[in-house]
Amino acid sequence: MPLIPDFGIIILCGGESRRMGFPKALLPFGSQTMLEFLVHKSLTIASEIVVVLSPGQKLPPLPPKVQLIEDQVAYQGPLTGMQSGLSLISKVCKTAFITATDSPLIMTELIEFLYSRMDANDIVMPFDGKYHYPLTSIYRVQPVLNQINTLLSENRHRPFFLLESLQSNIISTTELRAVDPNLGSFRNINTPMDYREILRIANLPVPFNFQATKINMEFYGVPRLRTGVHSFVVEAETVDELIRELSRLFPQLIHHVICNHSLHPAYKLMRGTTEFLTDPSTILNPDDQILLLSVDAGG
Amino acid sequence: MTPGYHGKYLRIDLSTLFIDFPPIPIGVISDCIGGVGLGAWILTRETISGYDPLGNQAALIFALSPLVGTPLTTSAKFAVIAKSPLTNRICDAMCSSHFAIAAKKLGVDAICITGKSDKPCILFMDSLGQDNVSIRLVSADSYWGQSASETESSIRSDQGTEWQILSIGKAGEMQIPFATLSHDGRHAGRGGLGAVMGSKNIKAIAVRGDKRTIISDPEATIRIAKSLSQRSFSPATAKYRELGTVANLLVFNRFESLPTRNFQEGSFQEAQELVKYDLAPARKITRNSCAACTIGCEHIYALDSKSGAAQKGVRMEYESLFALGPLCGVSNSHQVLEASSLCDFYGLDTISTGGTIAFLMECASRNLIQDDTLIRIKPEFGHGDTVIQLIHEMMSDMPGIYGELLRLGSRGASRQIEQGSIAFAQQVKGMEMPGYHPRKLHAMALGMAVGCRGADHNRTGAYEIDFRDHSPDASAIASSVIETEDKAAIMDSLILCKFIRGVFTDFYEEAADMLCAVTGLAHSRESLIASAKWIVNLRKSFNQREGWLPSEDCLPSSIFVNSEDHENGLTQDRLEAMILHYNLGRGWSSEGFIVLDPNVIEQLIITENSF
Ligand code: SF4
């Protein structure tokens, strides 16, 4: 694949990884780490690669060509990381694609497609009808850097504000399906479950220490009737993950038992027969017996 | 006239055939609403202390509600109220469908029957094309011995299909104290109201009429009805629509709260055997619903072709499934269906029937039955054919069988058997316990112990607390039980089906809106909460008048665990602590007596002959 001239890729990897519980840059991805994999993929289309890390952050060994820059303050959000990356790359590139270390499924074809829609714009940013994707976007380096400096001086930290004053081409994700049919480029990793899901898509093994918590699930009443399943083993770390996993495994429960990624109030989850699981962030333990049943238990 | 009401009730003395139409004061209408509230008021004023529930002075009341006949879903219901021959305490049971609508068209808000016909008869009440209701008695000779549903169809085919019929089966004729009365396959099941009707020599009641009530705000009523109907299709009612109450079986089993082998255990190993009724659409013939209901919770299952039952299908509810299945240790689903169909045929309450048979089985297993004249079968747990045989025996006077003993119910039978067997009679105030094992369900234990009509799951709803996140604290449980009992009192007075309860976000607010729209009366959230307490007090005051004692508010001693084992069960001390909090929370004395403030007495109409 030919390199795009005057073009660099900035990889932000200074995020906190709080929900993941492990530095995302160091997550195993096949025989490499997540960051190594992304860097090698980036090098196939961009001559300049900048990695923005937080102060003191540990990184895997990277090719000497990759430039590193530390964020001045840790965990200030993407705009400060973008500022650091763009200021470093501004010396050698006119345009840059900005991504994050937790998007290993980014497709180079998608980056090229976005680049091809740059024309006279300062930004090319995907939009899925609900969300903008500033960390899957192309930026004209100098004008964007100037605007970021202004925004940060006004204490405005959201990348979305860049769209207020810069000329932007907003591309629908529907259009992007032509180059990335499953929109894998937009998948990122926030939780161990997201990580396992991305490994599954990439057909890679899940490292031992990231194997999911296996819990024993039991369905009663309507969930059982609709799925034809009574008890089974499912992988989830938290109640929230469990509900998402149940939606994935049993789409027939959506709108009837699971609505808007949470349980309909007519249903409840219980750990055994005594503990009611109402907080989505509740941690599940290996071999928990989790019951899904109607709130209306009598009759 | 207050919209939604006719403002009077029909009073019939069968002994003299005198009828009149006592007015219902507006204060009673707004405080008691209808259904069980209105019924309790009429029962109290129409009877005197200490009367025989099967005697001439006994009153049998059918109470309607302002919502009957409106487009509000699940509102086609009526309440039947009397003193129970099983408990000697107040009993109210719900029944539904077209009888409710037709009875309201008679032009009255309730019917109160006293006295006794000298011969078995059908009581016809007619207001079609007339200013007022007329009654006539027709001989029931040709219907005597028929099942309720046979009687209904025979009368309709003899007299015309415009009649809506309420009937008793053979158990009612025999005045078995847990006989049901039925309309269109729905039973006012608990407490022997069928026996009260049978004691009056009434095999069936037929009604028709054309008197309509006006609705205060038709537009608002239709708006509320539409919204309620829409919500009745939501996930909150899916359990009832898609599975029916039999879905409870596996849940209760999992919670070790499925009464098994006469409450000796809380889970039934063979529950999966019965599961096919939970999740086997192939076994279902059809789904039915009461008139004016958008939910349709009645799941009708095919009977085994080899069964001798007259019907092809039987409606199966959790309570029947538990009582004739696990409670008797029976896992053969065909036999459970057949037993349930037999109860329907004879007009027997399935819970009391199963409860009494299970009691007999436990007594037999403990060698407490030593009567050599009882020769026919050995009542052993696990034998469905024995359960079927014993149901037949209940209906027979043949010597050497268990019929006479079983017809007494478990408490009555234990008085005959003696030898401490009362400990295994799983009843409260004489009424057999429903399918909620109180050992683990402590709110339900309290609800059943203090229930005015005895062990009861419909007038309290306390099980809801056990199955939601709740404080284990005795006083918190007591407050929650009071809340669910109050809510049930309003639902049963409105009357709306309990299966729609999950769709309300603020029940009292919405109930007040409904009542305001239909009646124009100034109901509010607060006034309904006050009405609920009024209705509960009215029931309790009736029981108090009839000799209620604090010792009645208890559970059978075999339910309790000893104090070292309290983590896994219910101790008597804990139940007593909850009862104390309940009594105080109700504003009663610590023992549970309504405080005899003269104003309260007057308000509650508890004195004898006050009218
Ligand atoms: S939900 Fe069932 S019991 Fe209630 S009104 Fe409808 S059909 Fe009748």
Side-chain angles (χ1 to χ4, degrees), chain A residues 215-233 239 243 246-247 250-282 284 287-299, chain B residues 231 233-257 266-267 272 275 278-281 297 317-319 434-436 440-441 443-444 447 457-458 460-470 472 484 497-503 505 567:
Chain A
I215 56 155
N216 301 304
M217 189 73 215
E218 296 173 30
F219 280 177
Y220 290 91
V222 171
R224 182 174 171 184
L225 178 73
R226 286 189 171 260
T227 58
V229 173
H230 175 205
S231 58
F232 55 99
V233 173
V239 167
I243 294 171
L246 294 179
S247 312
F250 303 108
Q252 60 271 52
L253 296 182
I254 295 170
H255 303 312
H256 300 282
V257 176
I258 298 170
C259 302
N260 300 324
H261 308 295
S262 51
L263 277 192
H264 185 278
Y267 294 90
K268 67 188 166 199
L269 284 169
M270 293 187 73
R271 178 156 32 207
T273 54
T274 49
E275 190 186 347
F276 294 80
L277 301 174
T278 46
D279 179 356
S281 63
T282 306
L284 302 175
D287 300 325
D288 269 351
Q289 303 277 341
I290 306 292
L291 282 53
L292 172 61
L293 64 162
S294 165
V295 164
D296 199 354
Chain B
R231 284 181 285 156
F233 294 110
S234 74
T237 59
K239 173 181 144 183
Y240 301 107
R241 281 182 283 116
E242 297 185 24
L243 289 161
T245 54
V246 292
N248 292 341
L249 185 91
L250 286 183
V251 177
F252 286 22
N253 196 45
R254 183 67 174 80
F255 280 72
E256 296 173 44
S257 303
S267 57
Q272 293 291 338
V275 156
D278 188 345
L279 297 169
C297 70
E317 297 288 348
Y318 165 70
E319 292 298 340
Y436 302 78
K440 289 237 163 151
L441 307 177
M444 192 59 190
H457 64 293
N458 277 327
T460 161
Y463 52 80
E464 280 181 25
I465 301 154
D466 290 309
F467 288 105
R468 70 175 190 230
D469 209 357
H470 69 282
T484 64
C497 182
K498 300 244 171 52
F499 295 165
I500 202 161
R501 65 190 186 276
V503 309
T505 37
E567 290 285 311

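Naming convention: chains lettered A, B, ... in sequence-line order (proteins, then strands); numbering from 1 in each chain.
Nearest heavy-atom pair across A:Gly221 and B:Ala247 is CA-CB, 4.5 Å. Listed here is the closest heavy atom pair of A:Tyr267 and B:Pro235: OH-O, 4.0 Å. Pairing each heavy atom of A:Phe276 with each of B:Phe467, the nearest pair is CE2-O, 3.3 Å. Nearest heavy-atom pair across B:Phe255 and A:Leu291 is CE1-CD2, 4.0 Å. In terms of heavy atoms, B:Leu243 sits closest to A:Val222 at CD1-N, 3.5 Å.
Atom CD of B:Glu256 sits about 6.5 Å away from atom OG1 of A:Thr273, to the nearest 0.5 Å. Rounded to the nearest 0.5 angstrom, B:Tyr240 OH and A:Asp296 CG are separated by 3.0 Å. Note that CG of B:Asn248 is 13.0 Å distant from OH of A:Tyr220, once rounded to the nearest 0.5 Å. Taken to the nearest 0.5 Å, the CZ atom of A:Arg224 stands 5.0 Å off from the CG atom of B:Leu250.
Near-neighbour residues of residues 252-261 of chain A relative to chain B, defined by a heavy atom under 4.5 Å from a heavy atom of that chain, comprise A:His255, A:His256.
Of the possible polar contacts, none joining the B:Lys239 side chain to the A:Ser294 backbone as a donor-acceptor pair under 3.5 Å is found.
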Test log, rule side chain to side chain contact (heavy atoms under 4.5 Å, CB included), inputs B:Gln272 and A:His230:
CA-CA 11 Å; B:Gln272 293 291 338; A:His230 175 205; 3.8 Å; yes
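Under the 4.5 Å side-chain criterion, counting only non-hydrogen atoms from C-beta, A:Val295 is not in contact with B:Arg468.
Residue A:Glu275 does not touch chain B at all, counting heavy-atom pairs closer than 4.5 Å.
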